[in-house]
Amino acid sequence: MLKRSLSIIAASSILTTALISPALAVPADFIGTWVNKDANTSNITRLVITSSGSNKLNIKVFGKCHPSDCDWGTAPLLTYGINVQDTNHKYATANYNKGFANSFLTLGSAGQELMLQGYTQFLDNSGRQNYYSREYFQKQTRVR
């Protein structure tokens, strides 16, 4: 009886600890500079993902403009696992409200490749159609 009670107490302690301090992993796989695999894209050309501490990430997006790429600015990047217990997050979202348009981005990580899906809604009554895009990015390796 005492052995059973101690087992229940130990299991309860482990469960309570897990519930109080859940492990939220933000994989280092996302961190870095990502370049669009399509050099001729007319959409997003580059992503820069950085750590902002405490298991948080930021994303900076660059879009195709002339003569140089447009900086969309920095936004929080929220990561997701495939279920509640999954601490190996391979998916992420970010939202950019640029005033004239709102772009919701979803990302999926597969090692050295990142798939970005964008959902852009125009807010400026311009008559432009909302649109979806899908692009693939490759992690830029550092050259020394």
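These numbers were taken from a predicted model, which means no experiment stands behind them. Only this structure's heavy atoms are used, side chains among them; waters, hydrogens and symmetry mates stay out.
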All ring-ring contact (aromatic ring centres under 6.0 Å, His included) counterparts of Y96, not counting sequence neighbours: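 ring-ring contact (aromatic ring centres under 6.0 Å, His included) list for Y96, sorted by chain: W72.
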Test ring-ring contact (aromatic ring centres under 6.0 Å, His included) applied to Y119 - qualifying residues, sequence neighbours left out: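 With sequence neighbours excluded, Y119 shows a ring-ring contact (aromatic ring centres under 6.0 Å, His included) to Y132, given in chain and number order.
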Please examine the side chains of [Y] and [X], heavy atoms only from C-beta on, and report whether any two atoms are closer than 4.5 Å.
| X | Y | value |
| --- | --- | --- |
| Y136 | D38 | no |
| R46 | T33 | yes |
| L114 | F30 | yes |
| Y131 | N43 | yes |

Would you compute the distance between atom [atom1] of [X] and atom [atom2] of [Y] and round it to the nearest 0.5 angstrom?
| X | Y | atom1 | atom2 | value |
| --- | --- | --- | --- | --- |
| R128 | L123 | CZ | CG | 9.5 Å |
| L57 | L107 | CG | CG | 10.5 Å |
| S109 | H89 | OG | NE2 | 12.5 Å |
| K139 | W34 | NZ | CH2 | 5.0 Å |
| L77 | I49 | CG | CD1 | 5.5 Å |
| L47 | F137 | CG | CZ | 4.5 Å |

[Y] versus [X], side-chain donor and acceptor atoms under 3.5 Å:
| X | Y | answer |
| --- | --- | --- |
| N36 | E135 | yes |
| S126 | D124 | yes |
| T93 | T106 | no |
| S103 | K98 | yes |
| D69 | T45 | yes |

Worked check of side chain to side chain contact (heavy atoms under 4.5 Å, CB included) between L116 and I44: CA-CA 9 Å; L116 179 140; I44 296 172; 3.9 Å; yes
Taking NZ, NE, NH1 and NH2 as the nitrogens, is one of them in [X] or [Y] under 4.0 Å from a carboxylate oxygen of the other?
| X | Y | answer |
| --- | --- | --- |
| E113 | K37 | yes |
| D71 | K60 | yes |
| K90 | D86 | no |

Cluster link L78 to Y91, ILVMFWY, side chain under 4.5 Å: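 Linked, L78 and Y91 end up in one cluster.
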Flag, side chain of N130 to backbone of F122, donor-acceptor distance under 3.5 Å: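 Yes, the answer is positive, given that a donor and an acceptor are paired below the 3.5 Å cut-off.
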Contact summary for I59 and P76, nearest pair of heavy atoms: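 Heavy atoms only, the tightest pair is CG2-O, 4.4 Å.
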Smallest separation among heavy atoms of I31 and S51, with atom names: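 Looks like CD1-CB, 3.9 Å.
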